[in-house]
Amino acid sequence: MAFSFFGGVHPNENKHYAEDKKVQEFPAPDLLVIPMSQHIGAPCLPLVKKGERVLMGQKIGDNQGLCVPVHASVSGTVKAVEARPHTNGMTCMSVVIQNDHLDELDPAIQPRTQEEVDKLTPEELMAIIREAGIVGMGGATFPTHVKLSSGLGKVDTIIVNAGECEPYITADDRLCQEMAPELVSGLKIIMKIFGLNAAHIAIEDNKPEAVKQLKFAIDPADGIVVDVLPAKYPQGAEKQMIYAVTKREVPSGGLPAAVGCAVFNAATTKAIHDAVYLGMPLIRRIVTVSGDICMDAKNLMVPVGTPFEALMECVGTSENPYKVISGGPMMGAAQYDLAVTTNKGVNAITILGKRNKFAVKNPHCIRCGKCMDACPMHLIPVMMYNAERNSDIDEMKSLNMLDCIECGCCAYTCPAGIPLVQSFRTGKQKLRDAMPKK
Ligand code: SF4
Ligand code: SF4
C-alpha cells in the first residue's frame with residue numbers, strides 16, 4: 001500500500017521532450033576532464049601524472065576516509081592534472097585525458113560468473129562496490145558502500161528509488177525500460193548484503209512502460225514488489241519516498257536507517273550489477289539533455305568527464321540558452337561556465353529559454369504563504385529566507401533549516417519568483433560553518 005505525503009507541487013512534467021527517446025551512446029569526445037571530487041566526502045588525490053598513458057576503467061584517483069575512487073572513462077594520455085571548473089560552481093582538481101579512441105580496457109576489469117558471485121560475502125561485495133567508485137547517482141553522490149555498511153543490522157526495508165519526479169528528466173525512466181534485468185540483479189546483490197529476502201522498487205504512475213518492464217524482470221520468488229506511487233513532486237525525495245512506501249517518518253536530522261530503511265537510486269542499483277558481474281567501474285551514465293528550447297532532446301550514455309558544451313551541441317537549441325542547469329529545474333544547479341563536464345551525479349542537463357517559468361525572477365515577497373503550504377518538510381520558507389539574508393544563525397537553527405531537502409517546491413509556488421532554494425543552500429552552509437569543529 002503506497003501513501004502520499006504532505007505538501008509538494010505539480011509542476012509541468014515536460015517529460016514528453018525525451019521520454020520516448022531510447023538511450024543512445026554518446027561518442028566520447030577528444031578531451032575529457034575528470035573531476036577528482038564526484039562524491040560527498042574527501043576528494044580523490046590524483047594517481048596519475050601528465051604524459052602518462054591510461055586505460056579505460058583504470059583507477060586515476062583515490063583517497064582515505066569517506067571516499068570512492070575515480071576511474072578513466074576512456075583510454076588515452078594524461079594531458080594535464082589541474083584545477084578545472086566543476087558543476088558545483090567551484091574549481092576542482094581534475095585529470096584531463098586526451099582520448100586515443102581505442103577504448104583499451106584495463107586488464108584488471110574481469111567479469112564474474114554467477115557461481116563466483118554466489119560465493120562472495122557481503123564484505124567482499126561492499127569492497128567491490130567501493131573499488132568501482134559507486135555513489136548515489138540520483139544527485140546525492142553519497143558513497144554507496146558506506147550507505148550499505150552503516151545500514152547493516154539496522155535496515156529491514158530496501159527501496160529502489162525510480163521515482164524521478166523532476167521535470168524534464170527521463171534518464172531513470174529509460175533505464176527501467178531498457179535495463180530492468182540489470183537493475184533487478186543489482187537489487188538482489190543489495191538484498192544479499194543486508195541479508196533480506198524482500199525489497200521494493202518505487203516508481204511514479206506516469207511511467208507505465210517502465211513499470212511493465214520492471215514487473216516483467218522480477219521473478220515471483222525474488223520477493224521484490226513494485227510500488228506505483230501517484231506522480232507528485234518531490235515523490236522521489238528520499239524521506240518522502242520512505243513515507244509513501246512504509247508510512248515511516250524519518251526524524252528531523254535523522255537518516256533513513258533510523259527508521260530501518262535504505263534507499264538506492266535506480267541507476268546506482270544498475271551500477272552495482274555492472275561492478276559485480278562485469279567488473280566494470282562507474283565510468284559512464286545516462287544523461288537526459290532536454291529543455292524547452294532543445295531541438296532534439298535525448299537520453300545519452302555519456303562517459304564521465306564529457307563537456308556540457310558537446311552534449312548541448314548534440315541536441316541543438318532553437319535560441320540562445322537563457323539558463324543551463326546541471327540536473328532538473330527544481331533541484332539542479334545553474335551553470336555559468338559551459339566548459340564544466342559530467343560527473344557521476346549529473347543525471348541531466350536542462351536547457352531553458354528566457355520565457356520559461358523556471359527561469360523567471362522578480363524577488364519581492366508578497367507574504368502570500370504559498371511556500372509554507374508547498375513545503376513537504378513542514379518548514380517555513382519565507383522566514384528561513386529572511387533569516388538567511390540577515391545571517392541570523394540562531395533563527396536559521398530554530399527554523400530547522402538543515403531539514404530542508406532543497407526540493408524547490410517553495411520556489412516553484414512562489415508568485416514573486418524568489419530564489420528560495422539558493423538562499424537555503426547558502427544558509428545551510430553558514431550553519432555548517434558555524435558548528436563547533438570536532
Ligand atoms: S524549504 Fe526546502 S524542503 Fe521546504 S519546499 Fe523549500 S526547498 Fe523544499
Ligand atoms: S511564496 Fe514567495 S511571496 Fe509568498 S510568502 Fe513565500 S516567499 Fe513570500
Side-chain angles (χ1 to χ4, degrees), residues 4-13 40 88-89 136 138-140 142 161 163-169 204 229 231-244 249-256 263 323 325-334 345 350 357-432:
S4 191
F5 57 88
F6 173 83
V9 290
H10 291 278
N12 283 341
E13 292 175 356
I40 287 181
N88 64 11
F142 188 77
N161 184 350
E164 197 168 56
C165 54
E166 268 258 4
Y168 294 100
I169 308 180
E204 288 191 336
L229 310 174
K232 178 181 175 186
Y233 186 86
Q235 189 69 264
E238 198 167 62
K239 292 178 181 176
Q240 281 60 35
M241 180 149 279
I242 289 169
Y243 183 76
E249 278 194 69
V250 180
S252 171
L255 293 170
V263 182
K323 200 171 185 183
I325 303 167
S326 173
M330 301 292 280
M331 294 188 74
T350 307
K357 173 179 172 23
F358 291 106
V360 174
K361 274 189 197 145
N362 175 26
H364 295 289
C365 177
I366 55 168
R367 305 210 160 264
C368 65
K370 287 188 175 173
C371 52
M372 295 193 304
D373 295 337
C375 178
M377 296 304 293
H378 304 274
L379 301 173
I380 312 176
V382 58
M383 290 180 68
M384 286 160 53
Y385 178 66
N386 289 332
E388 189 279 315
R389 291 187 81 193
N390 296 328
S391 289
D392 187 336
I393 298 289
D394 290 340
E395 181 73 350
M396 283 193 273
K397 252 191 232 162
S398 71
L399 290 166
N400 295 320
M401 192 184 278
L402 283 176
D403 282 346
C404 169
I405 56 170
E406 299 174 21
C407 65
C409 289
C410 52
Y412 178 78
T413 51
C414 175
I418 295 177
L420 295 163
V421 191
Q422 285 94 319
S423 164
F424 304 153
R425 279 189 193 126
T426 309
K428 285 165 77 177
Q429 193 52 50
K430 287 179 187 171
L431 279 169
R432 288 191 200 103

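In each ligand, atom 1 is the first atom listed, and ligand 1 is the first ligand listed.
A donor-acceptor pair is defined here as one N or O able to donate and one able to accept, closer than 3.5 Å; such a pair exists between the side chain of Asn161 and the backbone of Gly163. In this structure a side-chain-to-backbone donor-acceptor pair under 3.5 Å is present from Tyr233 to Cys407. No donor-acceptor pair closer than 3.5 Å links the side chain of Glu406 to the backbone N or O of Phe424.
Atom 8 (Fe) of ligand 1 does not have Cys409 among its coordinating residues (no N/O/S atom, backbone or side chain, under 2.8 Å).
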Does Met372 form a side chain to side chain contact (heavy atoms under 4.5 Å, CB included) with Met383? I'd like the steps, not just the answer.
CA-CA 10 Å; Met372 295 193 304; Met383 290 180 68; over 6 Å; no
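Taking every heavy atom of Met377 and a limit of under 4.0 angstrom, the matching atoms of ligand 1 come to 3 (S).
No heavy atom of Ala374 sits closer than 4.0 Å to any atom of ligand 1. At least one heavy atom of Ile405 lies less than 4.0 angstrom from ligand 1.
The protein heavy-atom contact nearest to atom 1 (S) of ligand 1 is Phe424 CE1, 3.6 Å. At the shortest separation from atom 2 (Fe) of ligand 1 among protein heavy atoms lies Cys404 SG, 2.4 Å. Cys407 SG, 2.4 Å is the protein heavy atom nearest to atom 8 (Fe) of ligand 1. Here the heavy atom of the protein found nearest to atom 6 (Fe) of ligand 1 is Cys410 SG, 2.3 Å.
Residues Pro167 and Pro329 meet the side-chain proximity criterion, which asks for heavy atoms closer than 4.5 Å. Counting heavy atoms from C-beta on, the side chains of Thr413 and Asp373 never come closer than 4.5 Å.
Residues passing the side chain to side chain contact (heavy atoms under 4.5 Å, CB included) test with Glu13 are Lys15, Asn206, Ala231, sequence neighbours excluded.
We find the OG-CE distance between Ser391 and Met396 to be 5.5 Å, quoted to the nearest 0.5 Å.
Ion pairing of Glu204 with Lys232 is absent here, as no side-chain N (NZ or NE/NH1/NH2) approaches a carboxylate O to less than 4.0 Å.
Protein-derived N/O/S atoms nearer than 2.8 Å to atom 8 (Fe) of ligand 2 total 1, waters excluded.
Summarising the contacts of atom 4 (Fe) of ligand 1 with Cys375, Pro376, Gly408, the nearest heavy atom is found in Cys375.
The shortest non-hydrogen separation linking Pro415 to Ile366 is CG-CD1, 3.7 Å.
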